[in-house]
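Chain letters run A, B, ... following the sequence lines, proteins first and then strands; every chain starts at 1.
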2 protein chains.
Amino acid sequence: MRFETSTIKDIAKALGLSTSTVSRALRDRYEISEETKKLVLAYAEKVNYRANPIARSLKERRSYSIGIIVSEIANNFFSQVINGIESIAYDRGYHVIISQTHESYKQEKLNVEHLASRSIDGLLIALSSETQDINYLRELYAKGLPIVFFDRVPEDFATHKVIANNFKGAFDATEHLILSGKRTVAHLTNSENLSITRERLKGYKAALAKYHIEFKPELVKYCQHCGMHSEELEQAVKELLPYKPDGIFISSDRLTTGCIMALKKTNPEIAHKIAIAGFTNSNLVELFSPSLTSVKQPAFEMGQVATELLISMIEAKRPVTEFETKILDTELVRMQKILGNRFL
Amino acid sequence: MRFETSTIKDIAKALGLSTSTVSRALRDRYEISEETKKLVLAYAEKVNYRANPIARSLKERRSYSIGIIVSEIANNFFSQVINGIESIAYDRGYHVIISQTHESYKQEKLNVEHLASRSIDGLLIALSSETQDINYLRELYAKGLPIVFFDRVPEDFATHKVIANNFKGAFDATEHLILSGKRTVAHLTNSENLSITRERLKGYKAALAKYHIEFKPELVKYCQHCGMHSEELEQAVKELLPYKPDGIFISSDRLTTGCIMALKKTNPEIAHKIAIAGFTNSNLVELFSPSLTSVKQPAFEMGQVATELLISMIEAKRPVTEFETKILDTELVRMQKILGNRFL
DNA sequence: AAAAACTGTGCAAACGTTCCCAAAAACGTT
DNA sequence: AACGTTTTTGGGAACGTTTGCACAGTTTTT
């Protein structure tokens with residue numbers, strides 16, 4: 001059961017021209033008479049000709065497709081990034097292939113290699129929380145695959161990167177908690193492997209320092225699985241409670257929602273007494289109970305910027321050697337501004 | 001800047017064989033001596049040979065890719081369906097290309113045609129709420145493109161379909177509201193174009209009938225944009241309130257969350273007095289305030305089943321003429337079971 | 001009026017596969 | 001040793017494009 005369309009050959013035959021002439025007319029390049037061009041275009045329109053992208057790809061040795069690696073599409077931050085990526089990619093004639101790691105290094109490597117073997121023209125990637133060894137990416141990069149990192153980026157990889165201002169976002173959230181009177185502000189965060197974890201920790205520390213609050217390591221809990229394993233998260237929350245935090249700054253989308261759930265499940269009586277400020281791009285945050293202050297990342301824009309950088313690398317005539325790290329500002333959405341808190 | 005790999009030709013040259021022999025050894029088909037095969041495989045392994053999928057696609061006239069059309073990936077129901085699709089597709093050697101309609105017919109048509117021109121081997125689609133004319137799909141189908149519908153399906157299109165038991169889900173949710181003492185149960189739903197809207201309305205009516213409650217058309221409100229336009233949704237909620245509903249059965253994920261938001265925004269004083277039961281696959285439902293009873297669809301499984309059906313069509317030797325409509329059961333997750341309601 | 005330059009077109013190769021067909025090699029039978 | 005049969009291999013076309021090169025026809029230059 002196959003699906004047939006007309007080809008350049010069919011058009012050439014029907015019009016008594018050569019395939020090269022037809023190709024030229026269609027691509028609108030090289031010298032060709034206005035007349036023939038019109039003739040060809042009219043006929044192509046009539047038979048609803050669609051160039052076969054596979055043949056084109058084979059000839060041009062590129063696929064006009066971009067690979068995307070994220071941990072989870074069922075995560076608002078990443079789905080917004082993907083929307084940003086698509087908005088640029090489709091305009092520029094690329095389509096995207098999305099792969100999920102579910103925070104597994106093994107899965108990430110498998111997916112990247114699968115995409116590379118599918119001859120993608122470039123890769124946009126946010127590393128999984130497990131990832132420590134990125135040599136497989138270096139190899140692909142060395143072979144000529146353009147790569148742009150976003151959100152979770154490695155430190156020592158010379159290519160374009162796009163991140164949020166994690167330091168400032170963390171600082172703002174922590175400061176907000178302090179300014180609303182909290183003195184024991186804990187920090188719940190992701191795997192130490194991740195760049196975002198380190199940067200956000202710095203922001204947290206800086207805010208404490210500004211208000212002369214001592215930094216206590218025992219108030220910082222890491223979740224290796226980024227909230228994918230609820231037991232791990234519950235354990236972390238449980239370990240935090242004996243220190244009686246009155247505020248928690250949480251470092252990621254999934255941890256933020258997961259932590260509120262864990263609190264409600266294990267310690268409902270204190271859940272609404274602890275103020276929470278966390279990174280999250282969930283658009284449902286207004287419905288949450290207990291409510292929280294959220295740090296929103298410019299996810300859509302991050303996707304756009306990363307895609308523009310990637311396409312510039314793909315289409316560069318000569319190897320790119322100057323790389324940028326773009327840092328986008330986060331936005332603090334304060335609890336007070338969120339509707340519905342009167343219910344608490 | 002291009003990215004090079006070894007080809008069958010390189011292997012043939014290096015080993016002093018012909019490309020046909022190498023191809024045969026690699027594909028493990030046709031007669032070939034054990035010895036040569038081993039030799040070729042060992043060498044291929046050594047140089048890390050990866051068949052060029054584009055060349056293969058051109059030759060075999062298929063791309064090993066499946067197109068997916070959904071309204072929004074930032075919707076838990078759809079992202080779970082996509083996970084189900086991927087779980088099967090990757091196992092069977094296909095990759096997937098995801099497109100979003102954002103509930104626009106124009107966008108849907110554009111995306112489908114773009115995918116078709118990218119030579120996908122088959123299409124999995126949940127129609128947009130605006131879609132009324134599916135002739136463009138009929139044309140593609142007639143040309144030989146296998147199509148399987150899921151969730152939002154057309155009535156008069158002879159192909160495989162996979163849906164949830166919308167009637168029963170709606171019945172259960174409405175019955176639940178009635179059994180918890182509600183007597184004025186309104187119904188907030190999607191565009192009338194959608195199959196799911198009609199089926200869920202029937203379930204709602206059946207539950208009312210069972211308990212001898214009169215059906216009142218004014219208690220049913222349709223949202224053409226499925227909650228994508230918050231003004232429309234707010235307007236619908238506003239129009240419902242004068243009838244003093246004590247319960248609302250809501251027909252979709254986005255409407256459910258949107259309605260709670262609208263209630264909290266416009267009528268906070270009554271928001272928590274109205275019981276809500278709605279279709280939603282959000283995993284954050286436990287955090288919501290006011291809380292709600294939810295009808296969960298087996299989204300992951302729906303994706304799996306749809307993909308299996310699609311691949312069976314793609315790989316069928318002869319045109320398929322017997323079609324199935326698979327109906328999967330929903331699950332009612334009652335408010336009482338949800339943690340955290342003690343906060344209300 | 002011849003030479004030079006330009007314009008429009010066609011031929012054919014190439015991209016990396018798969019697979020039909022034929023040729024060659026290996027083996028068995030008389 | 002000659003033949004037939006089977007197994008293994010190679011040649012080459014095809015998938016649908018793009019594009020360098022050559023060539024014919026036209027226009028411009030000298």
Side-chain angles (χ1 to χ4, degrees), chain A residues 2-41 43-44 47-65 93 116-121 143-144, chain B residues 2-41 43-44 47-65 93 116-121 143-144:
Chain A
R2 270 303 16 99
F3 174 45
E4 52 192 55
T5 48
S6 49
T7 72
I8 261 188
K9 276 189 195 167
D10 300 333
I11 298 182
K13 195 176 289 175
L15 260 38
L17 292 167
S18 72
T19 58
S20 18
T21 308
V22 176
S23 171
R24 278 188 276 252
L26 257 17
R27 308 243 106 238
D28 196 21
R29 276 153 83 170
Y30 308 96
E31 45 291 297
I32 181 132
S33 76
E34 224 19 70
E35 225 177 331
T36 336
K37 191 158 91 190
K38 278 202 183 119
L39 185 73
V40 172
L41 288 173
Y43 187 79
V47 298
N48 192 28
Y49 169 78
R50 290 281 114 99
N52 180 327
I54 295 187
R56 189 152 115 89
S57 291
L58 181 60
K59 182 67 205 176
E60 297 189 359
R61 313 174 87 180
R62 50 186 300 203
S63 61
Y64 295 94
S65 66
S117 80
R118 285 280 182 185
S119 22
I120 50 169
D121 293 343
K143 275 194 194 165
Chain B
R2 264 320 354 109
F3 169 48
E4 51 192 54
T5 47
S6 49
T7 72
I8 262 187
K9 275 189 195 168
D10 301 332
I11 298 182
K13 195 175 289 174
L15 260 40
L17 292 168
S18 73
T19 60
S20 12
T21 308
V22 175
S23 173
R24 275 189 281 251
L26 258 17
R27 308 243 107 239
D28 197 19
R29 277 153 82 170
Y30 308 97
E31 44 291 299
I32 179 124
S33 76
E34 230 11 76
E35 224 177 332
T36 339
K37 192 158 90 190
K38 277 200 186 125
L39 185 72
V40 171
L41 288 175
Y43 187 80
V47 299
N48 192 28
Y49 169 79
R50 288 284 114 99
N52 180 328
I54 295 188
R56 190 152 114 92
S57 291
L58 181 60
K59 182 67 207 182
E60 297 190 357
R61 310 173 90 179
R62 51 186 302 204
S63 61
Y64 295 93
S65 66
S117 79
R118 286 280 182 183
S119 24
I120 50 169
D121 293 343
K143 277 196 195 163

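Partners of B:Leu39 by side chain to side chain contact (heavy atoms under 4.5 Å, CB included), not counting sequence neighbours, listed by chain and number: B:Leu15. Take B:Thr21 and apply the side chain to side chain donor-acceptor pair (under 3.5 Å) test, not counting sequence neighbours, and it matches B:Ser18. For B:Tyr64, the ring pair (Phe, Tyr, Trp, His ring centres under 6.0 Å) partners two or more places apart in sequence, or in a different chain, are B:Tyr94.
Using a 4.5 Å heavy-atom threshold, the side chains of A:Asn52 and A:Thr7 count as separate. In this structure the side chain of A:Asp10 never reaches within 4.5 angstrom of the side chain of A:Tyr49, judged on heavy atoms. Residues B:Leu17 and B:Val40 are in side-chain contact: their nearest non-hydrogen atoms beyond the backbone lie under 4.5 Å apart.
Of the candidates A:Ile32, A:Ile11, A:Thr36, A:Leu41, A:Ile11 is the only one forming a side-chain contact (heavy atoms from CB on, under 4.5 Å) with A:Val22.
Computed from coordinates, the B:Ile32 CD1 to C:dA25 P distance equals 16 Å when rounded to whole Å. The NZ-P distance, from B:Lys38 to D:dT9, rounds to 13 Å in whole Å. At whole-Å resolution of the value, CD in B:Glu34 and P in D:dT9 are 11 Å apart. One interatomic measurement links the two molecules: CZ of A:Arg24 to P of D:dC21, which rounds to 13 Å at whole-angstrom precision. Rounding to whole angstrom units, CG of residue B:Leu17 and P of D:dG11 are separated by 11 Å. Distance, A:Glu35 CD to C:dT7 C1': 13 Å, rounded to whole Å.
A distance of 8.0 Å separates OG of A:Ser63 from CZ of B:Arg118, quoted to the nearest 0.5 Å.
Of the charged side-chain nitrogens involved, at least one lies within less than 4.0 Å of a carboxylate oxygen, so that B:Glu34 and B:Lys37 count as a salt-bridged pair.
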Please enumerate all protein N or O atoms sitting under 3.5 Å from an N or O of nucleotides 5-7 of chain D, with distances to 0.1 Å.
none

Give me, pair by pair, the N or O atoms of the protein and of nucleotides 12-16 of chain D that are less than 3.5 Å apart, along with how far apart they are.
from	atom 1	to	atom 2	distance (Å)
D:dA14	N3	B:Lys59	NZ	3.1
D:dC15	OP2	A:Lys9	NZ	3.4
D:dC15	O2	B:Lys59	N	3.4
D:dG16	OP1	B:Arg61	NH2	3.1
D:dG16	N2	A:Ala55	O	3.4

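As judged by a 4.0 angstrom heavy-atom cut-off over every strand, B:Thr36 is placed among residues touching the sugar-phosphate backbone only.
Closest of all the heavy-atom pairs between A:Leu26 and A:Ala44 is CD1-CB, 4.0 Å.
Residue B:Arg27 has its side chain nearest to C:dT18 when only D:dT9, C:dT18, D:dT19 are considered.
B:Thr21 has no side-chain polar atom (N or O) that falls below the 4.0 Å cut-off from OP1 or OP2 of D:dT9.
Using a distance-only test at 3.5 Å, with no hydrogens or angles considered, a donor-acceptor pair links the side chain of A:Ser57 to the main chain of A:Pro53.
Two end axes, each from the C1' atoms of five base pairs, can be drawn for the helix from C:dA1-D:dT30 to C:dT30-D:dA1; they diverge by 60°, to 10 degrees.
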